[in-house]
Structure formats: structure tokens, C-alpha cells
Amino acid sequence: LSDLRRVHVELDGEDPYEIVVGPHALREAKDQASRRRVAIVTQRRIPRAYVNELREMLNESHVFTIPDGEVAKSMANVEMLCSKFAKWGLLRHDLVIAIGGGVVCDAAGFASAIYYRGVKVLKAPTSLLAQVDAASGGKTGVNLDEGKNLVGAFHQPVGVLADTSTLITLTKREYRSGLGEVAKYALMPEGRNVVALLQKHTPQILDRDAAVLRELVYECVKIKMDVVQADPLELNGRRAMLNFGHTLGHALETAAGHKIKHGEAVATGLVFATALSCALGFVDQSALERTRDVVSSLGLPVAAPSDMSARRLLTLMRRDKKASGGLTFILPTPTGLEPYEDPDKGALRAAFKAVGINASRI
Ligand SMILES: NC(=O)c1ccc[n+]([C@@H]2O[C@H](COP(=O)([O-])OP(=O)(O)OC[C@H]3O[C@@H](n4cnc5c(N)ncnc54)[C@H](O)[C@@H]3O)[C@@H](O)[C@H]2O)c1
């Protein structure tokens, strides 16, 4: 286990924890959970081999399976999960282990935040997106019909085991979607090590080499947790920087009825945000070319489907819950990422054009 990477997390008022990254990081569950009674929350599509590997290390465990897909992130499912915990007899000092992608981490995380007013949760993310983003940082939650992630809680895990050897069974598209968040970290000012890994190891990354992925996931998680540590409860604006690429990204996901995956939408959102910054004069054309290069080298879309309506996307972006009434973007500037509100129509048109959307009538 010596070749695992570890990110130590210390947040005010919280117990410190470790994010362990690398091939077979799951084996660390033996130290962290073997003496507890454990409720394992997972999904049918998560290979049973991972769940069984976990169970073999545990004294007493029970598996709770939630439905697949974003629909699983509902109040109804969390209520059902909590009822099943109660029927099984999960008690205050027992442990929940969430093993799966971001949906499992968010839903099981939220159930853990509210069951018995909070039980401990260990997260074992098995999708690239959950390893680089969703599993760490303590945000948990579910969706309402009115919008995504509208109900939730901050509830830090007692640990995160990001086993990069589990990524091999993800579908190609899910894996690529995770690379969209990796592209975001690469394009952040702190992303130099991520860029170096992408430049040096693109074939291994596309082949999902577990040891190279250990380095990649580790570098991304370090960036995320530095931001989270500066703003754990999203109070001072620092954490909002993680939404780089997400203003257009979320709108694209909604407009496409979730036929576009989160990371794919974020990738196009990164091009949009850089083009907007370019049109506003903060960065030059070479920054836009660089963003396009990073996004396309990972097989991600630099443009949106051409039938997208700019007007509809603008309406959706105004509704983005991060926006403070108007339109808010996180833009790359020479001094780092900065929030920018209500850009003029000319700049918006140029940014839409850069992602292949005609916005002449906005
Ligand atoms: N809490 C946060 O900070 C945060 C951050 C980013 C995203 N999220 C949330 O994460 C969710 C998206 O996560 P996701 O992209 O992981 O989607 P997901 O959880 O739906 O997983 C994608 C699919 O891959 C399957 N899967 C996962 N791991 C697998 C594996 N190793 N082998 C085979 N199949 C596997 C899942 O069962 C699912 O069908 C969204 O709901 C988003 O809101 C949360």
C-alpha cells in the first residue's frame, strides 16, 4: 500500500481525515472500518466484486442498493434509505460506506448527514468524476423537481478511498465525462502538475493506467481541497472558483435534458468562459487556443450541439443557483480565476460563437 497518495484534510471544527488515492486504495477500509457495523450503499451497476472486496474486510455489514442515475438523488430515495437503515438497526456509532459514483456519494452522504442527526460516512468513489470531485469536500445533497442539488448539507466524510483500479469498468463515456473536471483543474492557475501529467501521459490516461491515474486524481484532489480548506462552507467566494466552466455547463445539461454528461458540458463551458474572458480583454487568443487544446486532447467537445438556442441557455444561466440575480461567470484572468457579472451582449455573442452557437439575436 506504500504507493498510495494521501491528502490530509483539516477543517475548522471537524475531525481531520485522509483522502487516499491509488490502485487498491479500497484495502484501507480494513483499518478504517473493520471494527464497526457498516451499512454499504451502492448501485446495481457498480461491479459486485468491489462491494464483496469491501465486505470481506468487515465484521458486520449490510448492502443497501439505490436506483441508478440522477433520479436516485431525491428526497423520496433518501427517506427510503433512512427507513431501511432504521429497519436494519443502524445506530449512531455505526458507519455508512458509500461505494459508487457521485450519485451514490451525494445521496448516501446526505442520508448520513441527517440519519440520527448525523452518522459517520466513508466514501469509496468509483467514477473518475467522484474521485476528482464529488466524494471530497463534504457537500452532500439531492435534487428537487425545481432544480439540481437544491437540498443538502455539509457533512465531511471520515475518509475517502479513491481506488483508481476501479475506474477500468466505467463506460467510456462516463470515464470521459470525468475527464471534463480534470480539464477544469488543468486550466486553473494551480493546475501546472495536472497539465504536465496530461502532456506526458495522455495515452496512459486514455488507457486508464491505474498508477498514472493515481497521480492525476491526487493532483486534482489537492487543488480541490486547497480551495475547500480556504472556504469550507462556501461563504467567502473562494469555493465558487470550482464552478469554472459550470455556468454554461449546467445550462447545457438542462437544455439537452441530461443527454449531455456533466463533464462533457463542463468541457464546453471551459471554452465558453475562456472565450468570454478573451472578448472582454482579460486574456488573449492564445489562452483560448490552449483551452481548446486541453479539452480536445481528452476527447471532449469544444463546441455545443449546433441546435442549442442561445436565448434558452441565457435563461437557464440566469436561473443557475450560484448566480446572484444576474449572470455570473468564473473567468480566467492573468491574476487567476475571478467572478464576473453581467457581461455585455457583444462579449456573450463572441463566447457563444466560440462554442458553435449562433447568438446574433440575443
Ligand atoms: N458533492 C459534490 O461536491 C459534487 C461534485 C461534483 C458532482 N457531484 C454530483 O455527482 C453526480 C455525478 O457523478 P458521476 O458522474 O459519478 O455519475 P453517477 O454516480 O451517476 O455514475 C455514473 C454511472 O457509472 C456507474 N459507475 C460508477 N462507478 C462505476 C465503476 N467503477 N464501474 C462501472 N460503473 C460504474 C454508476 O452506477 C452510474 O451508472 C451528479 O449528481 C453531481 O451533482 C457532486
Side-chain angles (χ1 to χ4, degrees), residues 19 23 25-26 41-51 53-54 65-74 77-78 98-110 112-113 121 123-144 147-157 160-182 184-185 208 210 213 217 220-221 224-225 227-228 231-234 239-240 242-246 249-250 253-254 258 260-267 320-322:
I19 302 168
L26 260 188
V41 182
T42 190
Q43 278 170 333
R44 205 173 38 82
R45 286 209 190 159
I46 311 302
R48 266 295 136 145
Y50 308 152
V51 176
E53 182 182 346
L54 203 53
T65 306
I66 63 168
D68 196 61
E70 195 63 30
V71 289
K73 279 178 49 174
S74 70
N77 270 319
V78 165
I99 177 163
V103 164
V104 172
C105 290
D106 276 5
F110 185 47
S112 311
V121 61
K123 295 196 180 157
T126 60
S127 71
L128 182 58
L129 191 120
Q131 294 195 354
V132 297
D133 194 351
S136 305
K139 277 193 186 178
T140 71
V142 295
N143 307 322
L144 298 180
K148 218 171 120 76
N149 297 329
L150 285 186
V151 178
F154 286 100
H155 185 53
Q156 295 297 332
V160 177
L161 305 178
D163 187 333
T164 52
S165 56
T166 63
L167 300 178
I168 200 76
T169 50
L170 270 181
T171 64
K172 201 170 172 197
R173 189 143 182 229
E174 292 295 355
Y175 180 70
R176 201 181 58 160
S177 174
L179 289 174
E181 291 289 347
V182 172
K184 175 190 80 179
Y185 293 113
R208 311 186 201 180
L213 286 173
V217 171
C220 293
V221 166
K224 168 151 186 181
M225 294 315 292
V227 174
V228 169
D231 184 16
L233 302 176
E234 202 160 358
R239 200 162 168 160
L242 295 170
N243 282 333
F244 180 28
H246 284 59
H250 283 149
E253 277 181 271
T254 309
H258 296 281
I260 301 179
K261 298 251 163 239
H262 180 71
E264 295 167 344
V266 167
D320 193 292
K321 78 178 194 300
K322 302 287 180 321

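Quantities reported herein were computed from a predicted structural model and do not represent experimental measurements. First listed ligand is number 1; within each ligand, the first listed atom is number 1.
P23 is listed as a side-chain neighbour of T164, based on a closest heavy-atom distance under 4.5 Å. Side-chain contact check for L242 versus K184: some heavy-atom pair is nearer than 4.5 Å. For the pair N77/V142, no side-chain contact is recorded, criterion being any heavy-atom separation below 4.5 Å from C-beta on. The side-chain heavy atoms of T140 and K123, taken from C-beta on, include a pair separated by under 4.5 Å. The side-chain heavy atoms of N149 and D106, taken from C-beta on, include a pair separated by under 4.5 Å.
Side chains of Y50 and T42: a donor-acceptor N/O pair is absent below 3.5 angstrom, by distance only. Checking E181 against H246 by side-chain atom types alone, a donor-acceptor pair falls below 3.5 Å.
Taking any N or O of Y50, backbone or side chain, none lies under 3.5 Å from an N or O belonging to ligand 1. By the 3.5 Å distance cut-off applied to N or O atoms, D133 is not counted among the residues near ligand 1. Taking distance alone, with nitrogen or oxygen atoms compared against 3.5 Å, S127 approaches ligand 1 more closely than that limit. Considering backbone and side-chain atoms alike, G100 places every N or O at 3.5 Å or more from each N or O of ligand 1. For a threshold of 3.5 Å applied to N or O pairs, the pair formed by G102 and ligand 1 contains at least one separation below that value. Geometrically, ligand 1 and S136 share no nitrogen or oxygen pair separated by less than 3.5 Å. Any N or O atom pair closer than 3.5 Å counts here, and Q43 shares at least one such pair with ligand 1. Checked by distance only, ligand 1 and T166 come closer than 3.5 Å through their nitrogen or oxygen atoms.
Protein heavy atom at the shortest distance from atom 25 (C) of ligand 1 is I46 CD1, 4.2 Å. Taking atom 34 (N) of ligand 1 as the reference point, the nearest protein heavy-atom neighbour is R45 O, 3.6 Å. At the top of the distance list for atom 20 (O) of ligand 1, counting protein heavy atoms only, stands V103 CG2, 3.4 Å. The protein atom (non-hydrogen) at minimum distance from atom 21 (O) of ligand 1 is G101 CA, 4.2 Å. Among all non-hydrogen protein atoms, the one lying nearest atom 12 (C) of ligand 1 is L129 CD2, 3.7 Å. What sits closest to atom 8 (N) of ligand 1 on the protein, heavy atoms only, is A134 CB, 3.6 Å. The protein heavy-atom contact nearest to atom 33 (C) of ligand 1 is T169 O, 3.2 Å.
Taking every non-hydrogen atom of K73 and a distance limit under 4.0 Å, the qualifying atoms of ligand 1 come out as 9 (C), 40 (C), 41 (O), 42 (C), 43 (O). Close contacts of ligand 1 with T126, meaning ligand atoms under 4.0 Å from a residue heavy atom, involve 27 (C), 28 (N), 29 (C), 30 (C), 31 (N). Taking every non-hydrogen atom of N149 and a distance limit under 4.0 Å, the qualifying atoms of ligand 1 come out as 43 (O). Listed by number with element, the atoms of ligand 1 under 4.0 Å from a non-hydrogen atom of E70 are 40 (C), 41 (O). When each atom of ligand 1 is checked for a heavy atom of D106 under 4.0 Å away, the hits are 1 (N), 2 (C), 8 (N), 9 (C), 43 (O), 44 (C). Every atom of ligand 1 with a heavy atom of L170 under 4.0 Å away is listed here by number and element: 24 (O), 26 (N), 27 (C), 28 (N), 29 (C), 30 (C), 32 (N), 33 (C), 35 (C). Counting atoms of ligand 1 from 1 in the listed order, those under 4.0 Å from a heavy atom of K224 are 3 (O). Atoms of ligand 1 lying under 4.0 Å from any heavy atom of K148, numbered from 1 in the order shown and given with element: 40 (C), 41 (O), 42 (C), 43 (O).
Contact between D68 and ligand 1 is present, with at least one heavy atom of the residue lying under 4.0 Å from the ligand. The closest approach between a heavy atom of P47 and any atom of ligand 1 is below 4.0 Å. At least one heavy atom of E174 sits less than 4.0 Å from an atom of ligand 1. A heavy-atom separation below 4.0 Å is not found between E181 and ligand 1.
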Could you walk me through whether H250 and H262 pass side chain to side chain contact (heavy atoms under 4.5 Å, CB included), step by step?
CA-CA 7 Å; H250 283 149; H262 180 71; 3.9 Å; yes
Check the pair T126, V104 against side chain to side chain contact (heavy atoms under 4.5 Å, CB included), reporting the backbone distance first and the verdict last.
CA-CA 10 Å; T126 60; V104 172; over 6 Å; no
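No more than 12 heavy atoms of other residues, nucleotides or ligands lie within 6.0 Å of CZ in R45, so this atom counts as exposed by the packing criterion.
Qualifying side-chain contact (heavy atoms from CB on, under 4.5 Å) partners for R176, counting only residues two or more places apart in sequence or in other chains: R173, E264, L300.
In terms of heavy atoms, V132 sits closest to Y185 at O-OH, 3.0 Å. A25 and A162 get closest at one heavy-atom pair: CB-O, 3.7 Å.
Distance check: L161 CG to Q131 CD gives 10.0 Å after rounding to the nearest 0.5 Å. With rounding to the nearest 0.5 Å, the separation of NZ in K261 from CD in E174 is 4.0 Å.
Looking only at distances, no side-chain donor or acceptor of E253 sits under 3.5 Å from a matching main-chain atom of I260.
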